[in-house]
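Have a look at the structure below, then the notes.
By convention here, the first residue in the shown sequence is residue 1. Side-chain atoms are counted along with the backbone in the values below, which use heavy atoms only and exclude waters and symmetry mates. In this text the structure is predicted, and so the values were computed from the model without any measurement.
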Amino acid sequence: MNQYSTNFRMWFGPTWPMVVVCDPEDAKRIFSGNDPKGFTYDMLRPWLGEGLLTASGEYWRQKRHLLTPAFHFDILREYARMMPEHIETFVRKLEQHADTGRAVDIFPYITLLTLDVITECA
């Protein structure tokens, strides 16, 4: 694995702890459950709406059941094959801002990355 292979804790401000999960098996255990979401998801809900990421319970189970076939390994293999090229382009665009010392709105760059990946895999 690489240098980010272990889970770790970090803080956003003095009172908001987060656990970053890097281990695939740990992530699988977390994302395969439908336990009630924490307060972080409550903050995301106005932005993301009520969907698979923010839902829990029966609503989550129904939505996950509908989406599962789209994430079959054979389908994802095609995404994995061509994503590095698009990610390298994305990183090169962001590197232009790396030494400016200014905040960068990355939304347009992520939008272009997403469109590049979707249009190639569609």
Side-chain angles (χ1 to χ4, degrees):
M1 276 259 208
N2 61 34
Q3 63 181 342
Y4 303 108
S5 61
T6 57
N7 304 331
F8 60 93
R9 180 186 57 186
M10 59 188 274
W11 290 84
F12 288 105
T15 59
W16 190 11
M18 302 250 347
V19 175
V20 177
V21 179
C22 301
D23 182 88
E25 287 303 313
D26 290 341
K28 182 178 179 180
R29 282 191 291 274
I30 292 167
F31 291 121
S32 64
N34 68 343
D35 297 331
K37 309 293 190 208
F39 73 93
T40 305
Y41 291 90
D42 293 337
M43 292 186 300
L44 291 173
R45 197 168 282 114
W47 179 53
L48 297 175
E50 185 71 26
L52 188 61
L53 180 64
T54 58
S56 59
E58 187 58 31
Y59 182 80
W60 174 87
R61 188 177 289 106
Q62 290 172 350
K63 297 300 179 189
R64 184 171 184 268
H65 180 71
L66 289 172
L67 286 173
T68 298
F71 293 96
H72 188 274
F73 184 75
D74 292 335
I75 293 171
L76 294 177
R77 184 179 298 132
E78 285 304 306
Y79 286 95
R81 177 190 56 75
M82 45 64 66
M83 280 185 83
E85 175 186 339
H86 294 296
I87 291 171
E88 287 175 17
T89 302
F90 171 74
V91 169
R92 278 195 304 275
K93 290 176 182 177
L94 289 181
E95 282 176 339
Q96 298 171 4
H97 304 283
D99 295 326
T100 65
R102 294 179 300 198
V104 178
D105 179 8
I106 64 169
F107 183 80
Y109 298 106
I110 291 175
T111 301
L112 290 174
L113 171 64
T114 304
L115 288 173
D116 287 345
V117 170
I118 289 171
T119 55
E120 185 163 335
C121 289

Point-to-point distance, once rounded to the nearest 0.5 Å, from CE of M83 to CG of D116: 10.5 Å

Under 3.5 Å donor-acceptor, R9 side chain and P17 backbone: no

Inter-residue atom distance E120.CD - R81.CZ, 0.5 Å rounding: 6.0 Å

Which atom of C22 lies closest to which atom of F8, heavy atoms considered: SG-CE2, 3.9 Å

Co-membership, hydrophobic cluster, residues L115 and I106, 4.5 Å side-chain: no

Minimum side-chain heavy-atom gap K93-L112 below 4.5 Å: yes

Salt bridge present between E58 and R61 (N-O < 4.0 angstrom): yes

Flag if over 12 foreign heavy atoms under 6.0 Å of CH2, W11: yes

Backbone of N7 reached by a side-chain donor or acceptor of D23 within 3.5 Å: no

Considering all heavy atoms, the nearest V20-M10 contact: CG2-SD, 3.5 Å

Student check: side-chain heavy atoms of I110 and F90 closer than 4.5 Å: yes

Residue D99 excluded, over 12 heavy atoms near CG under 6.0 Å: no

Heavy-atom closest contact (P46 atom, D42 atom, distance): CD-O, 3.3 Å

Residue pair R77 / D74: nearest heavy atoms and the distance that separates them: NH1-OD1, 3.2 Å

Residues that Y109 engages under ring-ring contact (aromatic ring centres under 6.0 Å, His included), provided they are two or more places apart: H97

Of I87, T89, L94, the residue whose pairing with V91 passes side-chain contact (heavy atoms from CB on, under 4.5 Å): I87

Pairwise side-chain contact, Q62 with L66, heavy-atom cut-off 4.5 Å (strictly under): no

Any residue meeting ring-ring contact (aromatic ring centres under 6.0 Å, His included) with F12, in chain and number order, not counting sequence neighbours: W16

